[in-house]
Amino acid sequence: MKKDWEIKKLNEVCEIECGTRVVRKVDGGTIFPVYGGGGATFKMDTYNRENCLIVSRFAMSEKCTRFVEGKFFLNDSGLSLRANENVIYQKYLETVILGKNDEIYSLGRGAAQKNLDMARFRELKISYPKSLEEQKRIVKILDEKFAQLESLKAASQTNLQNVKDLFQSQLTKAFSNTTWEKKRLGDCGTFKNGMNFAATDSGYTIRSLGVGDFKDRYSIDDTETLSEISLKAAPSEDYLLHDGDIVFVRSNGNKELVGRCLLVYPKNVPTTYSGFCIRFRKDFDLLDADFLLHFMKAESSRKILNGKEGANISNLNQKILGDFEVPLPLLPEQKLIVKELDALSEKVRQLQEIYTKQIANCDELKQALLQKAFEGEF
């Protein structure tokens with residue numbers, strides 16, 4: 001630390017002001033967003049904050065610090081900081097606090113719901129140069145560097161989305177042949193809804209596939225990586241997954257997840273699946289499982305599913321899936337399409353890894369710059 005720098009407690013350099021309890025009131029006039037610990041909630045026709053940094057106080061999320069532009073109402077689950085302008089530049093203070101997001105989150109107390117330990121928060125150590133002009137100089141440098149990083153990050157995010165869109169366009173093209181015979185999915189195999197169990201059940205432990213395991217996966221080849229659940233007794237054979245089964249998300253509060261699917265290969269590991277899922281087991285030899293999975297993952301197929309009654313209310317059932325028509329080219333052609341899509345999928349995966357890493361690198365570099373700046377290395 002340079003000799004012309006200070007280290008003081010947060011409450012020695014700024015005023016910490018808690019938000020106000022909300023009395024819901026929307027009678028007309030200009031409407032302003034309401035913010036708190038978790039971000040925007042609803043709107044009111046008054047405001048108590050403008051262009052300032054807020055910190056979660058109750059029900060903290062991992063992103064517990066954020067800068068909000070414009071006029072807004074801050075409820076009592078958040079707080080704002082106002083710098084002592086004779087000591088510290090407001091924007092310098094805000095930049096310091098944003099850089100301490102993880103440290104502030106660690107000050108939360110509670111398990112199910114974290115609430116900020118205000119005493120420890122007030123004693124948070126803040127380092128700063130004594131000169132306000134030097135503080136402004138540091139902020140200017142950081143703003144310039146952050147703008148460059150945001151530009152790089154935005155480009156990587158665009159490239160990432162373009163890669164996903166490219167693969168989806170190829171999926172749609174692969175299944176665009178209108179001359180193929182079609183067959184109901186229900187005539188190609190059987191369905192079974194997953195296990196329902198209580199958190200208090202015990203006696204038999206088994207691996208279980210849940211909605212949270214789907215993500216953007218194509219398949220799960222090692223169910224040893226799945227979480228274990230406890231049941232009162234061993235499940236019947238119908239509730240155990242077999243190699244080559246396709247599992248669909250049946251129900252979820254997030255409509256975007258409904259209809260997601262993946263192939264599973266539990267091998268010799270006893271594995272069941274959540275009641276929020278449906279298992280499809282193919283018994284028709286002229287349909288390739290990988291061909292079917294690629295087809296069901298195409299956005300064009302998802303749109304057809306979402307247009308059917310039930311899917312658009314966050315719920316998919318066996319009848320909807322059973323009535324769904326799948327294309328049925330000759331088996332050799334199915335396998336050729338799968339081979340081409342698998343090759344493209346691998347290239348897409350590699351590009352996604354590159355762009356995802358670039359995005360993470362931008363975030364890491366931002367934190368590194370903050371650390372250097374507040375240690376007086378600029």
Task: Plane angle bin for Phe295 and Phe175 - parallel if under 30°, tilted between 30 and 60°, otherwise perpendicular - done: perpendicular
Task: Candidates Glu133, Glu134, Gln135 - the one meeting side chain to side chain donor-acceptor pair (under 3.5 Å) with Arg137 - done: Glu134
- [ ] Could you list all the ring pair (Phe, Tyr, Trp, His ring centres under 6.0 Å) pairs where at least one residue sits in residues 211-253, not counting sequence neighbours?
- [x] Tyr218-His294
TODO: Kindly say whether Glu103 contributes a backbone atom to a donor-acceptor pair with the side chain of Ser106 at under 3.5 angstrom?
DONE: yes
Task: Donor-acceptor under 3.5 Å (Arg279 side chain, Asp238 main chain) - done: yes
Open item on the list: Check this for me, if you would: do Asp243 and Lys267 make a salt bridge, where the nitrogen-to-carboxylate-oxygen distance has to be below 4.0 angstrom?
Closed with: no
Open item on the list: Could you walk me through whether Lys164 and Gln352 satisfy the side-chain contact (heavy atoms from CB on, under 4.5 Å) test, starting with their C-alpha distance in whole Å, then the side-chain angles of each, then the deciding distance to 0.1 Å, before giving a yes or no?
Closed with: CA-CA 8 Å; Lys164 293 178 180 179; Gln352 286 179 321; 3.3 Å; yes
Open item on the list: Using a strict threshold of under 4.0 Å (side-chain N to carboxylate O), is an ion pair present between Arg302 and Glu299?
Closed with: no
Open item on the list: Would Thr223 and Arg207 count as a side chain to side chain donor-acceptor pair (under 3.5 Å) here? Give the steps.
Closed with: CA-CA 7 Å; Thr223 59; Arg207 299 287 175 182; over 6 Å; no
Open item on the list: For Ser77 and Asn75: C-alpha separation, side-chain torsions, deciding distance, then whether side chain to side chain donor-acceptor pair (under 3.5 Å) applies.
Closed with: CA-CA 6 Å; Ser77 65; Asn75 68 30; 2.6 Å; yes
Task: Non-hydrogen side-chain atoms of Glu94 and Leu81 separated by less than 4.5 Å - done: no
Open item on the list: Under a 3.5 Å distance rule, please check whether Glu15 uses its side chain to pair with a backbone N or O of Arg82 as donor and acceptor.
Closed with: no
TODO: Determine, step by step, whether Tyr47 and Phe73 satisfy the ring pair (Phe, Tyr, Trp, His ring centres under 6.0 Å) criterion, reporting the C-alpha distance in whole Å, the side-chain angles of both residues, the deciding distance to 0.1 Å, and the verdict.
DONE: CA-CA 4 Å; Tyr47 70 95; Phe73 188 93; 9.4 Å; no
- [ ] Kindly work out whether a path of hydrophobic side-chain contacts (I/L/V/M/F/W/Y, heavy atoms less than 4.5 Å apart) joins Tyr273 to Ile278.
- [x] no
- [ ] Decide, yes or no, whether a salt bridge links Lys153 with Asp363 under the criterion of side-chain N to carboxylate O below 4.0 Å.
- [x] yes
Task: Phe32 six-ring face occupied by Lys71 cation (under 6.0 Å, within 45°) - done: no
Open item on the list: Suppose we screen for side-chain hydrogen bond (donor to acceptor under 3.5 Å, both in side chains). Which residues come up paired with Glu353, at least two apart in sequence or across chains?
Closed with: Arg349
Task: Which residues share a side-chain hydrogen bond (donor to acceptor under 3.5 Å, both in side chains) with Asn51, sequence neighbours left out - done: none
Open item on the list: Would Asp4 and Lys130 count as a salt bridge (charged side-chain N to carboxylate O under 4.0 Å, His left out) here? Give the steps.
Closed with: CA-CA 6 Å; Asp4 55 347; Lys130 296 177 184 178; over 6 Å; no
Open item on the list: Hydrophobic cluster membership, with links at side-chain heavy-atom distances under 4.5 Å among I/L/V/M/F/W/Y: are Leu93 and Leu107 in one?
Closed with: yes
Open item on the list: Would Ile229 and Thr272 count as a side-chain contact (heavy atoms from CB on, under 4.5 Å) here? Give the steps.
Closed with: CA-CA 9 Å; Ile229 61 170; Thr272 188; 4.0 Å; yes
TODO: Please test Glu144 against Gln148 for side chain to side chain donor-acceptor pair (under 3.5 Å), starting from the C-alpha separation and ending with a verdict.
DONE: CA-CA 6 Å; Glu144 292 172 353; Gln148 293 171 356; over 6 Å; no
